[in-house]
Amino acid sequence: MISITVHNHKNHPLDSTIPPERARIQIRVRRLALVIMAVLLLSSCTSVSGVPTLTTAAPTLTPFQVQTHTPDPISTSESSSAQSLTPTVTDHPAGAITIPILLYHHIAESSTDRRYYVAPALFEQQMQWLVDHGYQAITEADLAEVIRHGGKLPEKPVIITFDDGNADFFTGAFPVMNRLNMVGVAFLVTDRIDLSGFVTSEQVKEMIKAGWEIGSHTVTHPDLLRQRTNLNREIVTSREWLNSKFGIDVVSFAYPFGLMDASVAKMVEESGYTSAAGLGGRMQQSASDLYDLSRTEIRGYFTMAQFEALMP
């Protein structure tokens, strides 16, 4: 900082020995010096500190624009139930249909039987995969009706069946499929209902209320090729008992062990069933196969990659 001392001429009288004209000149010089000093003083206030005085232009204001956000599409893997949306259906003529019919027995953990026992977590993953990839569950009765007469079907139909009526299938599969808005087909052995380890009558009623199809899997689960003397009881009586017990019309049958021949199939047809399911793994279902619909057994040791590879 520069320090400047200014002496007021009023406090310093001129030497009386100086001639008047010269004194007036000195006064003018001193006044000019004061003016110069004042200018220098003002200049030092703005520049001596080394910070120049800036002139800031007023900012140009623009109207505020509301930001609009378009949400990302939600994956079906995040949806609790893709089938709760309006199903995509198409008119299908009578005749052959490509549709996977899946077969399960137990939905439970097992360290010894990795064929018939599918772990609940794996089963849930499989069902979620089906939903995420656009599959919609129908019943075997639905399929038989469309094969015979034509009608509406989802673009990617699937049938999920459970044989024997084991208790763990109800506790392990039914809640999962209910949450995903999927229906299934339960093929029941009538003499086992309400026994320990098998579904109860109340559970069967709950499935019926949820839109599931109930089918017959005989009375005692025999090899029908070896129990020909009991065919009427196993095939006919089982259907009549289910109809009477639950107030429904059972129209689907499943052969124990997938074993049948032409005479067994003929009795099934004559007993009022509109279709019957066996085994085989074939995806093409047609009128000539109505009493031998091909199902794919889902085994407990299948990986997700193997499961996915089974789907058309």
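Fair warning: this is a prediction, and the values are worked out from it, not measured in the lab.
A donor-acceptor pair under 3.5 Å is absent between the side-chain atoms of Thr218 and the main chain of Ile235, judged by distance alone. Proximity of a side-chain donor or acceptor of Glu213 to a complementary backbone N or O of Glu140 within less than 3.5 Å is detected. Here the side chain of Asp142 pairs a donor or acceptor atom with the backbone of Thr139 at under 3.5 angstrom. A donor-acceptor contact shorter than 3.5 Å links the side chain of Gln306 to the backbone of Thr303. Side chain of Asp261 to main chain of Ser263: a donor-acceptor pair is present (N/O by atom type, distance under 3.5 Å, no hydrogens or angles). Side-chain atoms of Glu234 come within 3.5 Å of backbone atoms of Thr220 as a donor-acceptor pair (strictly under, hydrogens ignored). Although no hydrogens or angles enter the test, the distance criterion places no donor-acceptor pair under 3.5 Å between the side chain of Ser238 and the main chain of Val219. For the pair Arg295 (side chain) and Leu279 (backbone), a donor-acceptor distance under 3.5 Å is absent. Judged purely by atom type and a 3.5 angstrom limit, Ser271 uses its side chain to pair as donor or acceptor with the backbone of Met267. Formation of a donor-acceptor pair under 3.5 Å by the Asn166 side chain with backbone atoms of His105 is found in this model.
Contact of the Tyr255 side chain with the Phe187 side chain is not registered, since no non-hydrogen atoms from C-beta on lie closer than 4.5 Å. Side-chain contact between Met127 and Ile160: present, with at least one pair of heavy atoms (C-beta onward) separated by less than 4.5 Å. With contacts defined as side-chain heavy-atom distances shorter than 4.5 Å, the pair Leu224/Leu231 qualifies. At least one side-chain heavy atom of Phe170 sits under 4.5 Å from a side-chain heavy atom of Met207. In this structure, Arg179 and Glu124 have side chains that are in contact, with non-hydrogen atoms separated by less than 4.5 Å. Between Phe174 and Ile107, every side-chain heavy-atom pair lies at or beyond the 4.5 Å cut-off. In this structure the side chain of Arg192 reaches within 4.5 angstrom of the side chain of Asp164, judged on heavy atoms. Residues Met260 and Val268 form no side-chain contact, since every pair of their non-hydrogen atoms from C-beta on lies 4.5 Å or further apart.
Both Phe246 and Val185 are members of a single hydrophobic cluster when ILVMFWY side chains are connected at heavy-atom separations under 4.5 Å. One hydrophobic cluster, built from ILVMFWY side chains closer than 4.5 Å, holds both Ile298 and Leu130.
A side chain to side chain contact (heavy atoms under 4.5 Å, CB included) with Phe307 is found for exactly one of Leu102, Thr296, Leu122, namely Leu102. A side chain to side chain contact (heavy atoms under 4.5 Å, CB included) with Ile138 is found for exactly one of Val158, Ile99, Val183, namely Ile99.
The shortest heavy-atom contact between Asp113 and Tyr117 is O-CB, 3.3 Å. Closest heavy-atom contact between Ile248 and Ile208: CG2-CD1, 3.9 Å. Between Ser294 and Gly281, the shortest heavy-atom distance links the atoms OG-N, 3.0 Å. The shortest heavy-atom contact between Asp292 and Gly278 is OD1-CA, 4.1 Å. Closest of all the heavy-atom pairs between Pro100 and Tyr135 is CG-CE2, 4.4 Å. Between Ile193 and Ser201 the shortest heavy-atom distance is CG2-OG, 3.8 Å.
Summarising the geometry, atom CZ belonging to Arg226 is positioned 8.5 Å from atom CG belonging to Leu259; distances are rounded to the nearest 0.5 Å. A distance of 5.0 Å separates CD1 in Ile97 from CG in Leu153, rounded to the nearest 0.5 Å. Atom-to-atom distance recorded for Ser216:OG and Glu240:CD is 10.5 Å, nearest 0.5 angstrom. Rounding to the nearest 0.5 Å places OG1 of Thr274 at 6.0 Å from CZ of Arg148.
Using a cut-off of 4.0 Å between Lys/Arg side-chain N and Asp/Glu carboxylate O, Arg233 and Asp191 are scored as salt-bridged. A salt bridge does not link Lys209 with Glu206: none of the charged nitrogens is closer than 4.0 Å to a carboxylate oxygen.
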Output, in order, the C-alpha distance, side-chain angles, deciding distance and verdict of side chain to side chain donor-acceptor pair (under 3.5 Å) for Asp168 and Thr171. CA-CA 5 Å; Asp168 55 38; Thr171 57; over 6 Å; no
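Annotation: cation-pi pair Arg239/Tyr273 present, NZ/CZ under 6.0 Å from the ring centroid and within 45° of its normal.
In this structure, Tyr104 and Phe162 have parallel ring planes: the angle between them is below the 30° cut-off, well short of the 60° mark. Below 30°, between 30° and 60°, or above 60°: for His217 and His221 the angle between ring planes is above 60°, a perpendicular geometry. Taking the six-membered ring where the residue is Trp, His133 and Trp129 present parallel rings, their angle staying beneath 30° rather than reaching 60°.
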